[in-house]
2 protein chains.
Amino acid sequence: MSETDGTPRDFDTLRALLIERRPDMPKRLAQVAAFAVDRPDDVTFGTVAAIAEQAGVQPSTLVRFAQSLGYQGFSELQDVFRARLRDRWPDYDERLEVLRRRSADSQGAHALFGDFVDTAVTSLIRLRDTIEPARMDEAARLIAGARAIYLLGQRRAFPVCSYMAYALAKLGSPTVLIDNVAGLGPEQAEAAGPEDLLIAVSFTPYTSLTVDVANAAAARGVPVLALTDSPFSPLMESAKVVIEVIEADLGAFRSLSGTLCLAMALCVAAAEIRRAEAEEKGPARA
Amino acid sequence: MSETDGTPRDFDTLRALLIERRPDMPKRLAQVAAFAVDRPDDVTFGTVAAIAEQAGVQPSTLVRFAQSLGYQGFSELQDVFRARLRDRWPDYDERLEVLRRRSADSQGAHALFGDFVDTAVTSLIRLRDTIEPARMDEAARLIAGARAIYLLGQRRAFPVCSYMAYALAKLGSPTVLIDNVAGLGPEQAEAAGPEDLLIAVSFTPYTSLTVDVANAAAARGVPVLALTDSPFSPLMESAKVVIEVIEADLGAFRSLSGTLCLAMALCVAAAEIRRAEAEEKGPARA
DNA sequence: CGAAAAATGGAATAAAAATTCCACATGATG
DNA sequence: CATCATGTGGAATTTTTATTCCATTTTTCG
């Protein structure tokens, strides 16, 4: 993987290289190689001095070790160790750099697309691994149990809402998309009652309309399901259930893929719950 | 866990503390708290200067932040972040195991979400590998060269358009989202002229409004860029450039992830082209 | 509205770290 | 066994990084 000059940039390759080359290394360097393979965490987090002591060598030996592998210095080698723990979240600055360089080449659109795809995939996988199943079930039940679903989200969150509006409508749920046309957002939301559900979607920086309408609704006893990106979201107060969605971003552009998938899954899960319940109560009616 | 004096030594406690105390913190410190909770990985590996920049504060603020929580300095706080990875990730295999078990266990919403994620990832990767770079460049240049961008898409395609509207606006392009409020879609599109660009997004079954408006515009000499899902799309006739987007679907639900990524990439690519051109012509004006 | 307190930004300083350098040791080779 | 190439330890140096300090701004409260 990704070594142009025999100097690994990813941990697995580096590890393999160390194991392969260790027998031919000078004593101290071999010692360092062994230590690096055995206790990668210590290498990841330690300072040169600390690692040197643990490995029983001089600090300078570590630097020479790194250089003998083709790195500029020990720090560069340590970066590979760190990337191992960090990989799933592509490095912000480096990415931006790549973005800029590529578009300067005017290789442009397609390469950029590749980056966006990477970011979206990262986002999706990460979200799948971190989201709490219990929360999702709660949310799905909330949707399934509601009389009508009110969807609230502005700016970047709006596509999510309009997508849910489409999906829910297709699944047969009474749905109101609060699009705030003519500034009537608050009024659109006013029809919602305790039997209904307001799904509020908002990301930093939180649109005040969204927050205000959600709070007002909550105050009236309308249950609120919040999809948001941080535990500090102002939606936390009013929401009955909160699902935290952390998306990866590329430059200034945050992916929406994870949120959309989540939204879709919730809608379909809710539809399933409803269907199951309908079957239990009156199988004949279907 | 293990805090004698209210200063957490483990990450989870620290995180909880930050969430709890953030509302009462001064602005900048709250900002740091949010950053620390949202992007712990960046805090774990960054230097004070790098983290400060990403969080939009001064280095000294980070130190003060740590001290206000009872740590001696920022480094001590960072240790807590590092310990989190040390403790949590030593064994990759175990982690995978947990993950596997979790997704096998869970039924309902979460499992469904996993499926949607799989579908989206498949969609993304496939799209990245099949799309024609030349087309994308054409499309990006078209967007970059236009006076104003008109966005047309109904139903499932609407979220894509609203997302583009958001992105283009943020990138400084004059943008009109044809949302067809009050049935005024055709009239909204009428302002578009040969200097402008109409981006039409439509998937099977093609909404007639979209097709009609796109055709009418094309007849008037407005260039049309079509994002669609089949070579038989009725948009083929009127479009100057067509990008074909094939999305994977799960049951009746087709993913949108690929289309959204594509849309985003096009917008950013166009913005880059514009910037490059602006720099060439009048570097002084920037 | 005005004084006091708290918070903030940014430069200055101190601390710590990485890296380089070189004298010395070791081991291979003729 | 002399010589040379290679490897090593440790101090010196340079660079990076964290922290402190203080003038200025913002907020709070009488």
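Residue numbering restarts at 1 for every chain, and letters A, B, ... go by the order of the sequence lines. None of the values given here were measured: they were computed from a predicted structure.
Atom-to-atom, CD1 of A/I51 to C1' of C/dA17 comes out at 11 Å; the value is rounded to the nearest Å. Following rounding to the nearest Å, A/R64 (CZ) and C/dA25 (P) show an atom-to-atom distance of 16 Å.
Centroid-to-centroid, the aromatic rings of A/F11 and A/F81 come within less than 6.0 Å.
Chain B approaches DNA chain D over the interval D/dT17 to D/dT20, counting the first and last nucleotide 5' to 3' with an atom under 4.0 Å from its heavy atoms.
Nearest-nucleotide positions on DNA chain D place B/P59 closer to the 5' end than the other of B/K27 and B/P59. Toward the 5' end of DNA chain D, the nearer of the two residues B/V63 and A/P26, judged by each one's closest nucleotide, is A/P26.
Judged by distance alone, the side chains of A/Q31 and A/R28 do bring a donor and an acceptor atom under 3.5 Å apart. A side-chain N or O of B/R274 and one of B/S173 form a donor-acceptor pair less than 3.5 Å apart. Side chain to side chain, A/S123 and A/E247 meet the donor-acceptor criterion of an N or O pair below 3.5 Å.
Residue B/L62 is out of contact with every strand shown, counting any heavy-atom pair closer than 4.0 Å.
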Discussion item. A/T228 vs A/V245, test: side chain to side chain contact (heavy atoms under 4.5 Å, CB included). Steps then yes/no.
Written reply: CA-CA 6 Å; A/T228 190; A/V245 185; over 6 Å; no

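Scored by the salt bridge (charged side-chain N to carboxylate O under 4.0 Å, His left out) test, A/R39 finds A/D42 as partners (sequence neighbours excluded).
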